[in-house]
Protein chains: 2
Amino acid sequence: MKFSNEMPIYLQLSKVLALNIVNGKYKAGEKIPSVRDLANIYKVNPNTVQKALSELENLNLIYTERTNGKFVVKDYKVIKNYTIRLANEMTLSYLENMKELGIEKKETLKFIERNE
Amino acid sequence: MKFSNEMPIYLQLSKVLALNIVNGKYKAGEKIPSVRDLANIYKVNPNTVQKALSELENLNLIYTERTNGKFVVKDYKVIKNYTIRLANEMTLSYLENMKELGIEKKETLKFIERNE
DNA sequence: CTCACTGTACTAACACAATAATACATCAAA
DNA sequence: TTTGATGTATTATTGTGTTAGTACAGTGAG
C-alpha cells in the first residue's frame, strides 16, 4: 500500500478503510482487524491507525467494544446512506472542477464516454 | 481564500493559480502578480507562494524573468493541452472512485443527471 | 488464575510545512 | 545615481503528522 504525500496518511488510510466497508470487504456487524494488525497490514504506526479509525467512528461507520475490538456498524442502511452521500459529493465536486476548467456538462459527458 | 488542512497550502495555492491560467484570468504571455502581491492576496507567506509558483514552473505553465516578474507561458497550446490533460485525469479518477463505491458507469451517469 | 488479545494513553524524537524577518542582486524608471 | 520593484536565498521558530517504544485496563480462553 502506497500513500501520497499530498495528504496525511491517517486521512488516506481512513478513506481506504471506509471503502472497505462500503464495498463489503468489511461487512455490516463484522469485526475489523485490530489496530495492531491494521498497522502491520498497511505498514504504518498503530497511532496512525487509531487516528484513522477515530475518523470512521465519527462517521458512525464503526463502533468500539472497549476490550473486544472495533466493529462495522450493524445497520446496513447507515453504510448505504454513506455510500450515496459520498457518490453525490464526488459527482458534485467533479462537475464543479470540470466547470472551473471551462468544460460544461455536455462536454463533460464526452470525456466520460471517451474513458470507458 | 480558505485553505483546507488536508493538503499543503502551497499545493492548494498552486492548483488555484493553475486554474486562473486555465480559465483565462491570467492570459497567455501576461505577467502574473508578484510573489509579494500574491502573498498579500491569498494571505500566505511569500515563501509559500514561491513554492507554489515553482510547481507551475515545473508544469511549464509560467516562466521567470529574473528581475522583471513571472509570466504565463506565451504558447496557448501549452495551456490548452494542460487543460485537457487535467480534465482527462479528473474524469478517470472520478470514474475509478465511483467504481470503488460499487457504482458502475450506467448508474454514474444517473448521478450526473441528478446534479444539474 | 494465567496468558493473550483487545483498545487506549503517554512520552520522546524526527521531518517538514508554514510563518517570520531579513538580506541580496538585478533591472527599470524617476 | 537613486529609488523601487522584481525574484531569490537564508535563518530561526512554530505547529503537527508520523514513528517508536512503552505502559495500563479490561476481557475471554485455556
Side-chain angles (χ1 to χ4, degrees), chain A residues 1-18 20-21 25-74, chain B residues 1-18 20-21 25-74:
Chain A
M1 178 76 206
K2 278 204 278 180
F3 293 103
S4 137
N5 64 338
E6 288 189 359
M7 197 185 302
I9 292 178
Y10 78 96
L11 286 178
Q12 296 180 58
L13 180 57
S14 154
K15 291 191 178 184
V16 169
L17 296 176
N20 282 344
I21 294 176
K25 178 170 175 184
Y26 300 151
K27 296 192 174 51
E30 258 186 22
K31 184 175 178 176
I32 66 179
S34 77
V35 170
R36 291 169 179 78
D37 284 351
L38 286 173
N40 273 326
I41 293 172
Y42 291 101
K43 305 300 177 199
V44 296
N45 193 275
N47 300 332
T48 305
V49 173
Q50 202 164 351
K51 215 164 175 183
L53 291 178
S54 77
E55 296 283 318
L56 297 190
E57 200 149 9
N58 290 337
L59 291 171
N60 282 317
L61 288 178
I62 64 174
Y63 66 95
T64 299
E65 290 184 8
R66 182 72 167 75
T67 62
N68 197 10
K70 287 170 180 284
F71 298 80
V72 178
V73 74
K74 285 173 183 158
Chain B
M1 178 75 208
K2 278 202 279 182
F3 294 102
S4 138
N5 63 340
E6 288 187 0
M7 198 185 302
I9 293 179
Y10 78 95
L11 285 178
Q12 296 180 59
L13 180 57
S14 152
K15 291 190 179 185
V16 169
L17 297 176
N20 281 345
I21 294 175
K25 177 170 174 183
Y26 300 152
K27 297 191 173 53
E30 258 186 23
K31 184 176 178 176
I32 66 180
S34 77
V35 170
R36 290 168 179 80
D37 284 352
L38 287 172
N40 273 325
I41 293 172
Y42 291 101
K43 304 300 177 201
V44 296
N45 193 276
N47 300 333
T48 305
V49 173
Q50 202 164 350
K51 214 164 174 182
L53 291 178
S54 77
E55 297 282 320
L56 297 191
E57 200 149 8
N58 289 338
L59 290 170
N60 282 318
L61 288 178
I62 64 174
Y63 66 95
T64 298
E65 291 185 8
R66 182 69 167 78
T67 63
N68 196 8
K70 287 170 181 284
F71 298 80
V72 178
V73 73
K74 284 173 185 160

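Chain letters run A, B, ... following the sequence lines, proteins first, then strands; residues in each count from 1.
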| Of the candidate nucleotides C:dA18, C:dG7, C:dA9, which contains the atom at the shortest distance from the side chain of A:Thr64? | C:dG7
| query | For A:Tyr10 and A:Thr67, take the nucleotide of DNA chain D holding the closest heavy atom to each; which residue's nucleotide lies nearer the 5' end? | reply | A:Tyr10
| message | Strictly below 4.0 Å: does A:Lys31 bring a side-chain N or O up to OP1 or OP2 of C:dG7? | response | no
| note | Looking only at C:dG7, C:dA9, D:dT6, the nucleotide nearest the A:Val35 side chain is C:dG7
| Rounded to whole angstrom units, what separation is found between the CG atom of B:Leu13 and the P atom of C:dA17? | 15 Å
| said: Contact between A:Glu55 and A:Leu17 at the side-chain level, heavy atoms closer than 4.5 Å - yes or no? | reply: no
| message | Please compare A:Pro33 and B:Leu11 by the position of their nearest nucleotide in DNA chain C and report the one closer to 5'. | response | A:Pro33
| query | Between B:Ser34 and A:Arg36, who's closer to the 5' end of DNA chain D by nearest nucleotide? | reply | B:Ser34
| Looking only at side-chain N and O atoms, does A:Lys70 come under 4.0 Å of OP1 or OP2 in C:dT8? | yes
| d(OH, A:Tyr63; C1', C:dG7) in whole Å | 15 Å
| Within this structure, what is the NZ-to-C1' distance between B:Lys51 and C:dA18, rounded to whole angstrom? | 8 Å
| Interatomic distance, A:Asn40 CG vs C:dC5 C1' [rounded to whole Å] | 14 Å
| Value in whole Å for how far the C1' atom of D:dT16 lies from CD1 of B:Ile9 | 13 Å
| task | Would you kindly check whether a donor in the side chain of B:Arg66 faces an acceptor in the base of D:dG7, or vice versa, at under 3.5 angstrom? | result | yes
| Under 3.5 Å: donor-acceptor pair, side chain of B:Gln50, backbone of B:Val35 | no
| Check: B:Ile32 and B:Leu56 side chains under 4.5 Å, non-hydrogen atoms | no
| message | How many whole angstroms separate atom CD of A:Glu65 from atom C1' of D:dT27? | response | 11 Å
| note | Taken to the nearest whole Å, CE/B:Met7 to P/C:dC16 is 19 Å
| task | Using a heavy-atom cut-off of under 4.0 Å over every strand shown, decide if B:Asn45 touches base, sugar-phosphate, or nothing. | result | base
| request: Please report, rounded to the nearest Å, how far the P atom of D:dA23 is from the CG atom of A:Asn47. | output: 15 Å
| query | So A:Phe71 and A:Tyr63, would you call those rings parallel, tilted or perpendicular, with 30° and 60° as cut-offs? | reply | parallel
| query | Can we say A:Glu57 and A:Lys70 salt-bridge, meaning some charged N sits less than 4.0 Å from an Asp/Glu carboxylate O? | reply | yes
